[in-house]
Each structure stands twice: as C-alpha cells, then as structure tokens.
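Here is the structure we will look at.
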Amino acid sequence: MSSLKSLKGIGPASLKNLKEAGIFSPDDLLYYYPRAYDYRDKLNKLAEVYSSTGTGVNLNTICYVTDFSYFGYGPKKTLKVAVSDDSAEGSLVCFGRNFLRNAFREGEKYFISGTFSLRFGEIQCSNFEFEPYSESPVNFMKIIPVYPLTGELTMGFLKKIIHQAIEVRGKYLENIIPDTLLEKNSLLSRPDAVKNIHFPENREILDKAVRTIKYEEFFLFQKSMLDLKKEKEARSRKERKLKRTLQEKTIISLPFKLTEDQIKAVEEIYIDGNSSLPMSRILQGDVGCGKTIVGFLSALPYIESGYQTAFMAPTELLAKQHLESASRLFSGTDIKIAFISGKLPESKKKLVREALEKGEIDLIIGTHSLLSEPVKFKNLGFAIVDEQHKFGVAQRSALTGKGDETDFLMMTATPIPRTLQMTFFGDISISTIRSMPAGRGLIKTHTVLQENIQKVYDWVGREIENGFQAYFVYPLVEESEHLNLKNAESMYAHLEKDIFPEYKCALLHSRVPEEEKEAVMSGFSKGEIKILAATSVVEVGIDVPKATCMVIEHAERFGLTALHQLRGRIGRSSYPSYTFLVFTSEMTEDAKARLRIIKDTTDGFKIAEEDLRLRGPGDITGLRQSGFADFRLADIIEDQVILEKAREDAIEFYS
Ligand code: ADP
Ligand code: MG
C-alpha cells in the first residue's frame with residue numbers, strides 16, 4: 001500500500017488533519033465518500049427566478065459581467081457585480097468580498113452557481129461560486145461531490161487529493177461482487193463505482209455507483225454472517241432429550257398462569273436444547289412482561305439432566321433480585337443455587353468457585369464477575385444473559401465460552417426491529433413475548449413543564465396517602481459545576497425535608513454503598529420507604545408492584561430506551577400508574593420528538609423502531625461495538641430494497 005505522502009500537495013499539517021478524519025492511506029481516501037452532491041451538470045437561465053415560487057432558486061448559469069458598482073459606506077461598503085445572460089440581468093452582491101473586483105473583468109463570460117432570489121426588484125445572489133468560462137471547466141458542467149468536513153480539512157483540498165488517489169490507486173481495485181451478480185443487478189465494476197461515486201460522469205452513472213457500493217456493503221456483511229453460521233454448524237453436537245419433569249411440575253405450582261407467549265418461549269428453548277446445534281436465542285419482550293420466569297423455567301431441563309446454568313445480570317441490585325426470585329421459586333426443590341458478584345469477599349468467591357468447578361452448584365446467578373477468568377464450570381449447559389444490551393458482544397461470548405456447546409439465551413426489553421432482525425440476527429433465533437400478564441393497570445403518561453412541578457408533588461402526595469409509592473429520577477448523582485441540572489442527592493434532601501416531611505424517603509444511585517443499596521431496596525419493596533430519589537440505576541429490572549408513580553426530571557436528557565425502561569418500573573399491578581415527564585423549555589427537536597413518542601405509546605416495539613429511526617441502529621443491540629453496523633454508505637432503514645437483494649444473492653451464491 002502506498003502512503004499519503006506520495007500524493008502531491010500533502011505536507012505535515014494536512015497529514016495531521018487527514019489523520020484526525022481517520023484517513024491514513026490513499027485507499028482510505030477512496031472510501032471517504034461524498035455526503036451530498038452539487039448538481040451543476042445542467043445550465044439554467046437567470047429568468048427562472050421570475051417563475052420560482054420559493055424564496056430562492058439554485059441556478060447554474062453562464063453570464064457576462066456588464067458593470068461594477070458599490071453601495072454602503074465605510075466598512076459596510078459593498079461591491080455589486082452586474083451580470084446578464086440572454087434571459088435577464090442580475091447582481092452578484094459581494095458582502096465582505098470586495099476583493100472580487102479584480103477577479104472579474106467587464107465583458108468576459110463566467111460560470112456562476114448560487115442561490116438567486118428577487119430582492120429590491122432585481123435578481124440577486126450573495127452566496128455564489130464562479131469560474132471563467134471555458135470549454136472544459138473544473139467545477140462546472142458536472143456533478144460536484146460535497147465531502148463531510150472535519151477539523152481543518154477544506155473542500156478544495158479533499159477534492160484534489162481524492163482525485164489523485166483515484167488516479168493512483170483506482171486501477172488496482174478488484175471486484176468483490178461476483179461478475180454474474182454485477183451483471184444481473186446491472187451494477188458497476190468496483191473501479192468504476194469508486195470513481196463515479198466521487199466524480200460522477202452523469203446522474204445515471206452516479207445512481208449506479210451508489211447502488212453498487214451499497215449493495216457491496218450489504219453483500220459483504222451477509223457473507224460474513226453466512227461464514228458465522230457455517231462455523232456454528234461445524235460445532236454441532238449429538239441430539240439429546242433433556243428431562244423436563246421438574247419443569248412441568250414447577251409450571252403447575254406457579255401462583256399465576258403463564259401467558260401464551262411465555263409458554264411458547266419455554267417450548268422453543270426446550271426444543272433448541274435438544275437439537276444438535278447449540279442454541280443462540282434472544283428472548284425479547286417489553287419491560288414487565290415476565291422474561292425472568294421464562295429463563296428460570298428453561299433452566300430446569302438442564303439442571304434435571306445434570307448440566308449447570310449461569311444467569312448473568314448487569315447490576316448487583318438486579319442480580320440480587322433474581323437470586324431472591326429463584327430462591328423463592330425453587331424453595332421446594334433440591335436445586336443448589338449460588339451467587340457471585342464483585343462485592344463478595346474474596347474468601348467467599350473462592351468457595352463459590354470451587355463448588356462450581358466441582359459441579360456442586362446447579363444454578364449460579366451473578367454480575368459480570370461470572371466472566372472473570374478463575375470462574376470455571378464443571379459442565380455449563382445453559383447461559384442466560386439478562387438485559388443483554390447492557391453487555392458488549394465480547395462479554396456475552398465470554399460467558400458461553402466457559403462451557404462446551406453451551407446453549408445461550410439473551411434477554412432484552414429493547415425489542416429488535418424487524419429490519420435488524422433479518423439483517424443482523426440471521427443466525428440467532430428470536431422468541432417474543434408480546435402480551436403482558438393479565439391484570440396490569442393502565443399507565444398514564446403526562447408531560448409537565450418544570451415550572452409546574454408543584455402539581456406533580458400534589459399528585460404524588462395523594463397517591464402516597466392512598467398507600468402507594470413513587471420514584472423520582474434525576475440525571476445527575478450530585479451537584480455539578482458544569483451542568484445546571486437537578487441531582488439525586490440534593491433533590492432527595494429537598495423531597496424529604498420540604499415536600500414530603502411526613503414520609504420516609506431514600507436515595508439510590510451508583511455510588512451508594514452496596515449494603516445501603518440493599519437496605520434501601522428492601523425498605524422500598526416492603527413499602528416502608530415511600531419515595532425513592534434515584535438516578536437511572538432504577539432503570540433496569542427492579543420490581544415493586546405498589547410503586548405507581550414515576551417522576552422523571554429533565555426528561556429531555558434521557559434517551560427513548562431509558563425513558564421506556566424507567567416507565568416500565570411502574571404499572572406492575574392492577575392499580576393505575578402515572579409517569580410524569582418533567583421538562584425544561586429549552587429542548588432540542590430530537591428531545592421533543594422523544595417525549596412525544598413516549599407520551600403517545602407504551603408499545604416497546606414501536607418505541608424501538610422510533611429509536612432506530614432517530615439515532616440509527618448502534619446502541620439498540622450493541623451492534624456498534626460489534627462493528628456490524630459499520631456501513632459507510634448504506635443505510636439499513638432507507639436502503640431496505642438493496643439490502644434484501646444483496647441478502648438473497650449472497651445466500652444463493654454461497655450455498
Ligand atoms: P421483565 O420481562 O421486565 O424482566 P419480570 O420477569 O421482572 O419482567 O416480571 C415482572 C413481574 O411479573 C414479576 O413480578 C413476575 O413475577 C410477574 N409475572 C411474570 N409472569 C407472569 C404471569 N404470567 N402472570 C402474572 N405475573 C407474572
Ligand atoms: Mg427483567
């Protein structure tokens with residue numbers, strides 16, 4: 001590979017600028033695609049301004065310069081260049097650019113491009129580019145690429161070196177897509193596609209170039225997905241029949257009836273457990289739909305058949321809560337349950353690890369401590385990761401790596417939109433819980449302007465009087481010099497002292513010591529503590545049926561998923577519940593859109609789709625960390641048609 005220095009016009013300064021933009025070689029330049037195009041391939045007439053209805057119209061014209069004049073005085077003195085074509089006359093207003101006087105010559109012809117409008121009775125343009133007329137102009141009579149600019153990179157410089165890079169490197173590019181598919185989809189060869197995406201010969205070829213490169217990105221991605229699948233198939237094991245007496249018994253003894261979707265999920269997982277391919281399955285379902293019980297029930301066939309199960313949760317609090325539920329659920333059995341987390345004293349950890357390695361533990365519940373290297377299993381048959389999006393891809397696979405042919409279940413309350421499902425999870429099966437358990441009360445969501453917070457306090461006060469409880473969530477733990485936002489610590493003091501002096505309040509955030517956290521959570525679930533002032537640590541998993549109010553202050557600072565998860569903390573009983581999204585008047589358009597969506601729907605699937613639309617796929621599924629969504633040009637939402645095509649073709653070609 002050649003170096004950037006081999007290109008003309010690159011010194012130390014521009015080398016540094018390019019580096020900052022992530023460009024390290026001429027080949028990187030080839031993939032630095034334009035973000036838009038300036039279509040100067042067709043000529044206009046000045047007179048088109050008369051027939052335009054908008055405030056301004058983009059024109060590419062050829063004009064004669066007819067005169068120069070000035071208006072204004074002193075520093076405001078401004079040059080006006082009179083121009084004309086055979087259709088009309090106009091003026092180029094040179095605000096702050098009087099030096100252009102010497103760039104034009106009276107009676108000469110120029111290409112001029114800019115936004116023209118009718119002002120003060122004449123056709124004017126103040127923001128224009130120009131070039132002396134010639135048979136082969138540099139920046140006119142063609143489609144001009146518009147590059148994303150970062151740091152000190154300029155458009156002219158980028159155009160020049162990208163042009164060079166194509167001259168030097170372009171001919172070495174080889175087709176990635178098989179010729180038959182190029183032909184079938186009437187796509188361009190790779191060298192032609194790259195050349196025309198930067199410097200298109202015409203609109204038709206540009207369109208083809210764009211399609212080719214998007215197709216190529218999707219095609220390559222699909223190929224890597226297929227490779228993954230083959231790899232997985234190579235790891236196949238013997239078919240088996242896991243015992244399920246314990247599972248059946250436990251289901252019958254539950255204090256509630258499983259929903260149909262829960263039963264179906266349990267069934268799907270059981271079938272996978274018997275199959276010759278290790279399972280990778282996502283269990284998706286909205287907050288509160290009852291995924292935990294599905295996980296526990298699914299562990300039983302493994303345990304009964306002599307395999308161990310690991311259940312990993314993203315926080316200590318949640319892991320503890322799962323431990324309690326499991327202990328309750330399995331109290332009538334002889335299943336041996338253990339717990340591990342970073343907070344456990346080393347001596348205890350050691351005991352747990354030894355027992356685990358000897359196979360004396362059937363079910364271990366814990367935090368990411370489960371991943372630490374000394375943790376070894378005798379025979380890990382089933383691994384469950386709760387709130388999987390809170391973990392990176394590497395972490396998730398580190399857990400299954402602790403067993404041979406371990407079946408893997410990932411649980412998530414942020415459902416995966418259909419587009420992503422097909423594209424990225426080709427080798428992962430999905431179980432979905434759509435319905436909520438019967439007897440859940442309605443959640444009402446209100447948006448409240450910060451100035452009206454007293455109304456919220458009044459409402460919450462009445463709820464507490466009636467025996468219910470409330471969460472108050474703030475964006476910060478403690479006061480910050482830099483951010484003028486409410487924080488959990490001082491608001492806790494304020495709520496307890498000034499607003500609700502007759503009730504017990506408590507504080508919960510990531511820096512509260514572990515024992516205190518536990519005491520707080522247990523006090524809150526018993527109903528002794530009425531008000532919990534917290535940060536978004538309560539976002540994940542916590543389950544307190546009598547908490548009916550969720551007040552989120554500075555709601556505009558939270559993402560869609562976080563808001564939805566926070567709201568999922570309430571509405572866990574048959575009582576009506578209330579979410580108050582308290583916002584300040586200065587909000588971005590995106591923030592407004594987020595609050596509107598949360599107010600309008602409680603459907604987690606819809607919210608996930610909107611989230612995807614508002615900020616791209618990245619964070620939803622941990623895709624960004626995986627490098628999966630690293631498409632430069634293609635967009636998995638907008639380019640679905642190309643995506644489908646590339647997917648079909650790749651599957652056909654490689655199977
Ligand atoms: P999530 O899917 O958000 O993890 P959980 O598993 O925490 O939800 O379940 C929320 C609550 O619903 C728990 O208290 C659980 O016991 C209860 N639950 C689960 N399934 C049912 C059901 N079929 N009927 C009634 N309650 C259920
Ligand atoms: Mg959960």
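Just so you know, these numbers come straight off a predicted model, no measurement behind them. Below, each value reflects all heavy atoms present in this structure, side chains not excepted, and no hydrogens, waters or symmetry copies. Counting starts at 1 for both ligands and their atoms, following the listed order.
Note: Phe500 and Tyr503 have tilted aromatic rings, judged against thresholds of 30 and 60 degrees for the angle between ring planes. A parallel orientation is assigned to the rings of Tyr302 and Phe382, their planes being inclined by less than 30° (bins at 30° and 60°). Phe296 and Phe311 have tilted rings, their planes meeting at an angle from 30° to 60° on a 0 to 90° scale.
Side-chain contact between Ile303 and Leu363 is present, with at least one heavy-atom pair separated by less than 4.5 Å. The shortest distance between side-chain heavy atoms of Asp386 and Met312 does not fall below 4.5 Å.
Of the candidates Gly568, Pro437, Ala438, Pro255, it is Pro437 that places a heavy atom closest to atom 27 (C) of ligand 1.
Of all the atoms in ligand 1, the ones that sit under 4.0 Å from a non-hydrogen atom of Thr292 are 4 (O), 5 (P), 6 (O), 7 (O). Each of the following atoms of ligand 1 lies closer than 4.0 Å to a heavy atom of Val287: 3 (O). Each of the atoms 3 (O), 7 (O), 10 (C) of ligand 1 lies under 4.0 Å from some heavy atom of Arg572. Those atoms of ligand 1 that come under 4.0 Å of a heavy atom in Lys257, given as number and element, are 22 (C), 23 (N), 24 (N).
Remark: Arg240 qualifies as a cation-pi partner of Tyr307 under the 6.0 Å distance and 45° angle criteria applied to the six-membered ring. A cation-pi contact, defined as under 6.0 Å to the ring centre and within 45° of the axis, links Lys546 to Phe468.
Below 3.5 Å of separation, one finds no N or O of Phe256 facing any N or O of ligand 1.
Heavy atoms of Leu258 found under 4.0 angstrom from ligand 1 belong exclusively to the backbone.
The shortest separation from a heavy atom of Cys289 to ligand 1 is under 4.0 Å, placing the residue in contact. Contact between Ala413 and ligand 1 is absent, with no heavy atom of the residue lying under 4.0 Å from the ligand.
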